[in-house]
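In what follows, a structure is listed as structure tokens, so that the remarks can point back to it.
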Amino acid sequence: MSNNFESTNSKIDKLRKLMSEKGIDVYIVPTSDPHGFGYVDEAYKTIKYLCGFTGSDSTLIVTLNEAALFVDGRYHIQADIETENTCINVYKVGCKDVLNYLEYLKKHVKEGDTVAFDGKVVMRKNFEEFSKNINAAFEYEFDLISEIKRENIEPDAKEIIILSDEITGENSDKKLAKLREKLKQKGADAVFFSSLDDICYLFNIRGRDIIYSTVAFSYAYITEESATLYLKKNAINEKTVNHFAKIGVNVADYDEILKELFKLKGKKILVDKQYTSCYFYKALGVGNELLEVNNYELVTKYIKNETEQNLFRKYAVYDAVAMIEYIVHIKDLIANGYEIDETDAADILKLFRSKMPDFYSLSFGSICAYAENAAIVHYSPKKETAKKLSNKGFLLVDSGSHYMGATTDITRTIALGELSEEERVAYTVVLKGNLKLMGAVFLKGTRCENLDILARESLWKLGLDYRHGTGHGIGSFLSVHEGPIRIATKIRDDNKQPELTPGMVLSDEPGYYADSCYGIRHETELLCVKKFDTEYGEYYGFEPLSLVPFEKDVICFELFTHEEFDILKHYYNLIREKVMPHLSENGKKWLDYNTNFVD
């Protein structure tokens, strides 16, 4: 049992008592912070506090009769394990006949019910989604969790760093000038930013306020004449203030933002509802006209400039060296009988990564999942339950780094010894999908969702699939999951994708997960590049950035098409050229063995 029965049930009972006292029928708890950021500081991990579930994306709905936790396919197994023997009912979204949280609310909320939540951490867009077609009273000034917590931890803030043009490729002056042109085009007086990575990109700053992220807690309000950057006091010093004063940016106290917003009157303000909390949306709307916008229309950080692209290429080599030397080392430890577990494997990987030039931090907590644990898509090893590695089966390693100029994300499934034929076939079929997407050529105007079938087709032909997206955007020394890019089967009308454009960096990560047996994922970073022109227009494709080969002895080459083999050959020639000179002798031997068959 991974969760404490009395603790979870007691907390839910306390929450229901408060709900009854305040006349609340339904209470919604999101996985979110005041900025709608994808990675949440410990202070805002409310679902983890209530029920022990540690996944990065979920929604908890508590009624007077049920506590329902909604998770997608990445967390189906994990949620069962972490809420075992508690009052939490897990809703595995994506499975047949299972309601998602919006459908659940429509089914269970009755006319006249009161639905409450903390408006500081629920984004306006989410509120509009779940309140639509529900005839209930909605209250968003109830932070009930703070009333039952023994202590409320304030998020920490650290000093920011200011990036040079050699890293960003464009100074903040130019970025603000482009933004102001877009304000004019949209007939707006100002724009409000709450999204942390957009702010850090726009002002060329980075921080360490959230683990595995490079962001600083901040807000920004920008007009044609002025720009104000709101930072935590700990992040501000004289050097910072002087730097921004030179480019006409005011630096103000983060905690004063709400008061300042209420002072605005008679303005047309651009707001992205996906990253603006209900509290701030209300404050901005008092005496002003709010114009809806997608931040990515204003801040095109997802299209990397030439400087950023070259830094991705540079640090891809370092990242490959770290991964290859790590794989060689882990295989050697296991072959020589050393006893290590999944957490040891993650610690060793961090050591290899941290030795690379310009390493800043890990870009997320490394997933080192052995054997059946790899079937848990976002498995996080813990020392007390970590599985010991042995000389058979797969070790799935999903990891990445922030370097001073680029962010990496790579998954390789490592064979530690004896494998079944089923495992080798599954490894190969997933690899076929990875290569098909890597080798895609497509006409200008193609969107991410148009390419998803390339990664899944080989699995679908066998009646198999994976319950997560195929790819996501990756930031330039920013968030490892960067919007709005998303390769997935489901087309979301509420979150339309921009066209694939040269300069985009995204992941290519099909997988297959056999419950209670093994898991396989092959993830490669890709850079969208122009390929050629014809009478039909411009054609684009991908340049692979993750330069780590797959394992020759695991691949069933008889399942490959000629085209797939050619893609692999081209990829391996690139790896040998870029990475081979930087490896140790053992690393060179491993790389040569796994790639020399394509010569």
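The shown structure was predicted, so the numbers you read here are calculated from the model rather than taken from an experiment. For reference, positions follow the sequence shown, starting with 1.
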Open item on the list: What verdict does the side chain to side chain donor-acceptor pair (under 3.5 Å) test give for Glu509 and His472, after you've listed the backbone C-alpha separation in whole Å, the side-chain angles of each residue and the deciding distance to 0.1 Å?
Closed with: CA-CA 9 Å; Glu509 50 181 309; His472 56 81; 3.0 Å; yes
Open item on the list: If you apply the rule salt bridge (charged side-chain N to carboxylate O under 4.0 Å, His left out), what do you find for Glu538 with Lys531, and how did you get there?
Closed with: CA-CA 8 Å; Glu538 293 181 24; Lys531 289 287 188 179; over 6 Å; no
- [ ] List the steps, then state whether side chain to side chain donor-acceptor pair (under 3.5 Å) holds for Glu82 with Thr54.
- [x] CA-CA 8 Å; Glu82 293 183 338; Thr54 61; 2.8 Å; yes
TODO: Give the intermediate values and the outcome of ring-ring contact (aromatic ring centres under 6.0 Å, His included) for residues Phe477 and Tyr201.
DONE: CA-CA 9 Å; Phe477 188 26; Tyr201 172 83; over 10 Å; no
Task: CA sep, side-chain torsions, deciding dist, call: Asn586, Ser584, side chain to side chain donor-acceptor pair (under 3.5 Å) - done: CA-CA 5 Å; Asn586 286 338; Ser584 68; 5.5 Å; no
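For the pair Thr524 (side chain) and Asp508 (backbone), a donor-acceptor distance under 3.5 Å is absent. In this structure, Arg412 contributes its side chain and Val548 its backbone to a donor-acceptor pair below 3.5 Å. The backbone N or O of Arg447 sits less than 3.5 Å from a side-chain atom of Asn450, completing a donor-acceptor pair. In this structure, Thr561 contributes its side chain and Glu564 its backbone to a donor-acceptor pair below 3.5 Å. In this structure, the side chain of Glu325 does not engage the main chain of Phe352 through any donor-acceptor pair within 3.5 Å. Within the 3.5 Å criterion, the main-chain N or O of Leu478 finds a donor-acceptor partner in the side chain of Thr407. Without hydrogens or angle criteria, Thr83 side chain to Ala79 main chain gives a donor-acceptor distance under 3.5 Å. A donor-acceptor distance shorter than 3.5 angstrom exists from the side chain of Thr501 to the backbone of Glu499, with no hydrogens or angles considered. At least one donor-acceptor pair under 3.5 Å links the side chain of Arg424 to the backbone N or O of Ile555.
Aromatic ring centroids of His468 and Tyr513 lie under 6.0 Å apart. Phe53 has its ring centre less than 6.0 Å from the ring centre of Tyr75. The distance between the ring centers of Tyr212 and Phe364 does not fall below 6.0 angstrom. Aromatic ring centroids of Tyr91 and Tyr104 lie under 6.0 Å apart. Residues Tyr370 and Phe394 keep their aromatic ring centres 6.0 Å or farther apart.
The salt bridge (charged side-chain N to carboxylate O under 4.0 Å, His left out) contacts involving residues 469-479 comprise nothing, where partners must be two or more places apart or lie in separate chains. Among pairs with a residue in residues 385-409, those fulfilling salt bridge (charged side-chain N to carboxylate O under 4.0 Å, His left out) read Glu372-Lys387, Asp398-Arg521, at least two apart in sequence or across chains.
Within 6.0 Å of CZ in Phe532 there are more than 12 heavy atoms belonging to other residues, nucleotides or ligands. For NZ of Lys350, the number of neighbouring non-hydrogen atoms (other residues, nucleotides, ligands) closer than 6.0 Å is 12 at most. The neighbour count for Phe557 CZ, taken as heavy atoms of other residues, nucleotides or ligands under 6.0 Å away, is above 12. Around CD of Glu339, the count of heavy atoms belonging to other residues, nucleotides or ligands within 6.0 Å does not exceed 12. Heavy atoms from other residues, nucleotides or ligands lying under 6.0 Å from NZ of Lys552 number more than 12. For NE2 of His378, the number of neighbouring non-hydrogen atoms (other residues, nucleotides, ligands) closer than 6.0 Å is greater than 12.
In summary, Asp452 and Lys490 do not engage in a salt bridge, as defined by a charged side-chain N under 4.0 Å from a carboxylate O. Ion pairing of Glu563 with Lys432 is absent here, as no side-chain N (NZ or NE/NH1/NH2) approaches a carboxylate O to less than 4.0 Å. Between Glu308 and Lys301 there is no salt bridge, since no side-chain N of the basic residue sits under 4.0 Å from a carboxylate O of the acidic one. Contact check on Glu42 versus Lys45 returns a salt bridge, with a Lys/Arg side-chain nitrogen under 4.0 Å from an Asp/Glu carboxylate oxygen. Taking a cutoff of 4.0 Å between a charged side-chain nitrogen and a carboxylate oxygen, Asp72 and Lys92 do not qualify as a salt bridge. Under the 4.0 Å criterion applied to side-chain N and carboxylate O atoms, Arg353 and Asp319 are assigned as salt-bridge partners. Lys461 and Glu457 are joined by a salt bridge, as a carboxylate oxygen and a charged side-chain nitrogen come within less than 4.0 angstrom of each other.
Here Tyr326 contributes atom OH and Leu349 contributes atom CG; the two are 5.0 Å apart, rounded to the nearest 0.5 Å. How far CG of Leu389 is from CD1 of Ile330: 6.5 Å, rounded to the nearest 0.5 Å. Put simply, CG on Leu69 and OG1 on Thr59 are 8.5 Å apart, with the number rounded to the nearest 0.5 Å. Atoms CD and OG1, on Glu558 and Thr428 in that order, are 7.5 Å from each other to the nearest 0.5 Å. In this structure, the separation between CG on Leu102 and NZ on Lys107 is 15.0 Å, given to the nearest 0.5 Å. Rounding to the nearest 0.5 angstrom, the gap separating the CG atom in Leu506 from the OH atom in Tyr302 is 13.0 Å.
Tyr44 and His35 are not linked by any side-chain donor-acceptor pair at a separation below 3.5 angstrom, with hydrogens and angles left out of the test. Of the N and O atoms on the side chains of Ser479 and Asp197, not one donor lies less than 3.5 Å from an acceptor on the other residue. Counting only N and O atoms by type, the side chains of Tyr318 and Asp358 include no donor and acceptor under 3.5 Å apart. Using modelled atom types, one finds a donor on one side chain and an acceptor on the other under 3.5 Å when comparing Asn373 with Glu342.
Cation-pi geometry between Arg456 and Tyr466 is met: under 6.0 angstrom from the ring centre, within 45 degrees of the axis. A cation-pi arrangement is absent between Lys444 and Tyr540, since the terminal nitrogen or guanidinium carbon is not both under 6.0 Å from the aromatic centre and inside a 45° cone about the axis.
Classification of the Phe565-Phe560 ring pair by plane angle, with boundaries at 30° and 60°, yields perpendicular.
Counting all heavy atoms, side chain and backbone alike, Leu526 lies closest to Met438 at CD2-CG, 3.9 Å. Between Met123 and Asp33, the shortest heavy-atom contact is CE-O, 3.2 Å. The nearest pair of heavy atoms linking Lys304 to Gly475 is NZ-CA, 4.0 Å. Nearest heavy-atom pair, Ala406 versus Tyr315, reported as atom, atom and distance to 0.1 Å: CB-CD1, 3.9 Å.
The residue from Val430, Val429, Leu462, Asp465 that alone fulfils the side-chain contact (heavy atoms from CB on, under 4.5 Å) condition with Tyr512 is Val430.
Residues that satisfy the ring pair (Phe, Tyr, Trp, His ring centres under 6.0 Å) test with His522, not counting sequence neighbours, are Tyr427, Phe550.
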